Amino acid sequence: MPQNLQDTINALAKRRGYYWPSYEIYGGQSGYITYGDLGTKLKRNITAQWRRHFTARQNVLEIDAPIINPEIVFQASGHIANFKEHSTQCTQCHRSHRADHLIEDKTPLENVEAMGGDAITRLLREHKIKCPRCGGPLADPTLILTMFQTEIGATGGLTGYARPEAAQSMFINFKRGHQHARERLPFALAQIGKVMRNEISPRRGLARTREFTIMELELFFDPQNPRCPWLHEVEDETVNLLTESMQADGEKTPIETTIRDAVDDGLILTEWNAYYIGVSKRFVTGYGVPPEKQRFRAHLPDERAHYSAQTYDHEVQMSFGWLEVSGHAYRTDYDLKSHQKGAEVDMTVLREDGTRFVPHVVEPSFGLGRQFLAALEHAYERRGKRNILRLPRDLAPIQIQVNPLVTRDSLPEKAREIHATLQEAGYTTQYDQSGSIGRRYARADEIGTPLSITIDYDTQDTQTITIRDRDTWTQVRTPIKELPEKLQGYFSGRLEILDLGEKIERD
RNA sequence: GCGGCCGUGGUCAAGCCUGGCAUGAUUUUGGCCUUCCAAGCCAACGUCCCGGGUUCAAAUCCCGGCGGCCGCACCA
């Protein structure tokens, strides 16, 4: 067996069809993952949950914009300038360093990055800068551009880039969105879509891929009226915060605070960011990560993005360390102003007092693959020889498995009949008659199917079936005619396994 | 991109050092059996990451590539 949890889950994912490395038959290509049937269904359920938490409001509008953007969009946004790195490597100890930072350390120069590649190479040579670690000679820096570049139009001509985040689509469509939101603030634009980042060295499977789905929301508000009218909904939610100043003091243990207190104490700069941090905690808890394994860590000034005034990463404790599952950035009016300048289009909106202003933005941003990974890892349980995925019932790819107890005496026929009924009712189901009943329950457990329905010899006589619960292995007996109502109750979260029928005791 | 370790059926592993019929467990599928938790029996499907070299002979040795993990850097 594999030694660590990640290997175990990767093996399970491959075996059962959650996900696997892409381009396998051609030897593989790092940074790409393909989702299988179960994975696709799980993703769909996670996005459904995300929508429920983040977009189910009248003034949150969802859009679906193109992935390839003309260069001008990213010139205006600042990405072209900020997405280049000049990296240099020590020829002796092979460590990599950022060339511009080395120059800034050794000279009075500032913002060296903006001077361009030739200047950086020249400065590195002129000042005879050595490896800060071992003092060895450094190679000439190489330019790293982590956006995918392409040409728009089959005959070329116009440079285009794949978007590395969905946010710019929301900013460049701000005016349309504002119009559709009937020109009222606050409102938000949200988007679930693919983005691409040409990572230098992607690793750890799903946690970092070159192409992934992002779930992002931009909330626009008036900085003179920064109140979040929905804050009360999450104000009592407790979160673990690791603030900027705590990290500056070397503090590693977060403080537990309510959203309300975090706002009142000034730990979170805007009510809107605080609101979404609260919702984020609920969302992540909802898909199975216990609160004590979550924290919100503030970005230090030097790791913050070029647009951000304050960013909190929502991190989840995984077997391999902390994993960032979402980012909560206060982007101020940086982006709208950038596009106002770039496109020469007025991005201001009207206040009641007749003045105009550019709205401020708060952005919660989620990588779908990372929610997926966090949900899987926290659902995983080893019980004896068995793997169990204790996925929440509203996340499980297959909701119900239907089995005949044995494959004779017309039990399979009856089981298929019930299976068909459930499918017609809209449930995601699986029919299984292969192997012993225990083996089939084990299969259901391993892919995280919460309920198994078994047709046995009592079914014909009493018109009842048994329902087995994945987590407790408890079984209850239920009349077939009550199934629709009971299952509806269970999957809406109203009923638990013992509410579904009469408990069966077995020796 | 650099360095270290690694790559064997669907999955996990032994074999590699010391070249000689690819091995085991498990999974999957079908059958038998079977009145509830991976039972048993029978059968089947399916493998040495890719390319080149050395050799009578390469999973094994050598070279290159690709991929994975870890460290450096990157992760907006």
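Letters go in sequence order (proteins before strands), and every chain restarts at 1. Keep in mind it's a predicted model, so treat the numbers as computed, not measured.
Using bins of under 30°, 30° to 60° and over 60° for the plane-to-plane angle, the ring pair A:Y427/A:F491 lands in the tilted bin. Note: A:H314 and A:H328 have tilted aromatic rings, judged against thresholds of 30 and 60 degrees for the angle between ring planes. Using the six-membered ring where Trp is involved, A:Y23 and A:Y32 have ring planes that are perpendicular, over 60° apart on the 30 and 60° scheme.
Between B:rC5 and B:rC37, the distance separating the two P atoms is 49 Å to the nearest Å. Separating the C1' atom of B:rG10 from that of B:rU27 is a span of 7 Å, rounded to the nearest Å.
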- 5'-to-3' dot-bracket of RNA chain B (Watson-Crick, G-U; under 3.5 angstrom; crossing pairs as [ ]; | other strand): (((((((..((((......[..)))).(((((.......)))))....(((((..]....))))))))))))....
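Across all strands, A:T454 comes closer than 4.0 Å to base atoms (heavy-atom distances). Note on A:G31: only backbone sugar-phosphate atoms sit closer than 4.0 angstrom, heavy atoms only; bases stay farther off.
With sequence neighbours excluded, the residues that form a side-chain hydrogen bond (donor to acceptor under 3.5 Å, both in side chains) with A:E165 are A:H79, A:Q168, A:R331. Legend: residues meeting salt bridge (charged side-chain N to carboxylate O under 4.0 Å, His left out) with A:R15, ordered by chain and number and at least two apart, are A:E446. A:R393 meets the salt bridge (charged side-chain N to carboxylate O under 4.0 Å, His left out) test with A:E496; sequence neighbours excluded. Checked against ring pair (Phe, Tyr, Trp, His ring centres under 6.0 Å), A:F212 has no partners two or more places apart in sequence or in another chain.
In this structure, A:R295 pairs ionically with A:E315, as a charged nitrogen and a carboxylate oxygen lie closer than 4.0 Å.
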Dump every N/O contact between nucleotides 23-29 of chain B and the protein below 3.5 Å, one line per pair.
| unit_1 | atom_1 | unit_2 | atom_2 | d |
| --- | --- | --- | --- | --- |
| B:rU27 | OP1 | A:R439 | NH1 | 3.0 |
| B:rU27 | OP1 | A:R439 | NH2 | 3.3 |
| B:rU28 | OP1 | A:R443 | NE | 2.5 |
| B:rU28 | OP1 | A:R443 | NH2 | 3.3 |
| B:rU28 | OP2 | A:R439 | NH1 | 2.8 |
| B:rU29 | OP2 | A:S434 | OG | 3.0 |
| B:rU29 | OP2 | A:R443 | NH2 | 3.3 |

